[in-house]
Amino acid sequence: GENVEQHPSTLSVQEGDSAVIKCTYSDSASNYFPWYKQELGKGPQLIIDIRSNVGEKKDQRIAVTLNKTAKHFSLHITETQPEDSAVYFCAASIYGGSQGNLIFGKGTKLSVKP
Amino acid sequence: GAVVSQHPSWVICKSGTSVKIECRSLDFQATTMFWYRQFPKQSLMLMATSNEGSKATYEQGVEKDKFLINHASLTLSTLTVTSAHPEDSSFYICSALRASWAHRGTQYFGPGTRLTVL
């Protein structure tokens, strides 16, 4: 089955710097890759996603890149702000198979220091 | 858009009682909903997949007689923890799979329910 590895597990940056979180997946059939932000005591919030027919997607300060050949995808946050501090999860799924189950990485705790 | 609600947000109950958690997609239809459990500082663990009008599919190791799931409509799924015990204390989160081509595969999560069993 699919396995998703996420690095780093913790990341501390200074406000205004960029943050990069990387994930690798094992199943080449995976075709959907979302990123979620989870604040303490809350449910995960979808922040950006990418499908296998696209190499890069950007939404304001957030971008995701996908390398299908290498089977890895990354989240890039530019001009980080203290409110970006949270746990970020990457995930992979095969939409249309197994009812779209998401396989999650273990999460990255991002701390943005003012 | 794409809002998922959960009720209650937190619940405390005595050991041996049953607790029902509701998950609703407020502004879209969801033929499939998922139930997750999350322990502190850990990732989400899928418990079961709930399809409208059919029996839920449980992940290995999840007791279907203990965690009863009902998906009665395209906007509502419920999880009932029967005969709860302290080890069932956890953060339970649902998600809904948006049933549209443009959002295929996209899961939207509820805010979670904190269950504490005394």
Side-chain angles (χ1 to χ4, degrees), chain A residues 1-7 9-10 21 23 25 27 29-54 57 59 64 66 73 86-111, chain B residues 1-7 9-10 21 23-25 28 30-52 54-60 71 90-114:
Chain A
E2 175 66 282
N3 183 51
V4 176
E5 299 278 346
Q6 182 172 348
H7 298 281
S9 56
T10 59
I21 303 171
C23 289
Y25 60 98
D27 192 337
S30 290
N31 55 14
Y32 177 65
F33 308 91
W35 285 88
Y36 291 89
K37 174 184 180 182
Q38 187 177 27
E39 297 177 339
L40 192 62
K42 298 184 178 180
Q45 175 192 5
L46 179 69
I47 56 172
I48 197 167
D49 57 9
I50 193 166
R51 301 182 189 280
S52 59
N53 59 343
V54 176
K57 185 176 178 181
D59 183 4
V64 57
L66 171 65
F73 55 112
V87 178
Y88 290 80
F89 291 98
C90 65
S93 76
I94 303 171
Y95 184 73
S98 301
Q99 305 180 73
N101 292 8
L102 288 173
I103 306 300
F104 285 90
K106 293 187 181 299
T108 296
K109 183 177 181 181
L110 173 64
S111 299
Chain B
V3 178
V4 176
S5 70
Q6 269 183 256
H7 179 80
S9 56
W10 60 269
I21 303 170
C23 177
R24 294 181 185 271
S25 56
F28 66 96
T31 53
T32 303
M33 289 184 173
F34 301 86
W35 286 95
Y36 295 83
R37 185 172 179 176
Q38 187 177 36
F39 292 105
K41 299 185 179 181
Q42 292 190 23
S43 189
L44 289 81
M45 182 188 79
L46 179 66
M47 298 176 65
T49 302
S50 165
N51 288 296
E52 186 263 338
S54 62
K55 290 183 179 180
T57 303
Y58 291 82
E59 295 299 302
Q60 191 172 8
H71 194 155
S90 190
F91 193 50
Y92 292 87
I93 314 172
C94 72
S95 72
L97 190 64
R98 194 164 178 176
S100 73
W101 175 251
H103 301 93
R104 59 197 183 283
T106 304
Q107 285 188 35
Y108 297 93
F109 284 81
T113 296
R114 172 74 57 192

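Throughout, a chain's letter reflects where its sequence line sits, starting with A, and its residues are numbered from 1. Keep in mind that this is a model prediction, so the values were computed, not measured. Below, all heavy atoms of this structure are taken into account, side chains as well, without hydrogens, waters or symmetry copies.
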* Would you mind telling me which of A:Leu40, A:Leu102, A:Asp49 has the largest number of heavy-atom pairs within less than 4.5 Å of chain B? =>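 If we count pairs closer than 4.5 Å to chain B, A:Leu102 comes out on top.
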* To do: Rounded to the nearest 0.5 Å, what's the gap from CD1 on A:Ile103 to CG on B:Leu46? Could you check?
  =>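 These two atoms lie 7.5 Å from each other.
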* Asked: Between atom CZ of A:Phe89 and atom CD of B:Gln38, what is the distance when rounded to the nearest 0.5 Å?
  ->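 Separation between the atoms: 5.0 Å.
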* To do: Can you tell which part of A:Pro34 gets under 4.5 Å to a heavy atom of chain B, answering side chain, backbone, both or neither?
  => neither
* To do: Check each atom of A:Gln6 against the heavy atoms of chain B and say whether the ones under 4.5 Å are side chain, backbone, both or neither.
  =>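 For A:Gln6, there is no contact with chain B at all, as no heavy atom is under 4.5 Å.
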* Asked: So, for A:Asn101 and B:Glu59, which heavy atoms are closest and what is the spacing to 0.1 Å?
  -> ND2-OE2, 4.0 Å
* **For A:Tyr36 against B:Gln107, the heavy-atom pair lying closest together** => OH-O, 2.6 Å
* To do: Quick one: which of B:Leu44, B:Thr113, B:Ile93 has the most heavy-atom pairs under 4.5 Å with chain A, could you say?
  =>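 Looking at each of B:Leu44, B:Thr113, B:Ile93 in turn, B:Leu44 comes out on top.
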* For B:Ser43 and A:Gly107, indicate whether the former's side chain and the latter's backbone hold a donor-acceptor pair under 3.5 Å. =>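 Not a single qualifying donor-acceptor pair exists.
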* B:Gln6 portion near chain A, given a 4.5 angstrom heavy-atom threshold ->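 Contact with chain A: none, neither part.
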* Asked: Contact part of B:Thr31 toward chain A, heavy-atom cut-off under 4.5 Å: side chain, backbone, both or neither?
  -> neither
* **Check against side chain to side chain contact (heavy atoms under 4.5 Å, CB included), B:Phe109 and A:Leu46** => CA-CA 8 Å; B:Phe109 284 81; A:Leu46 179 69; over 6 Å; no
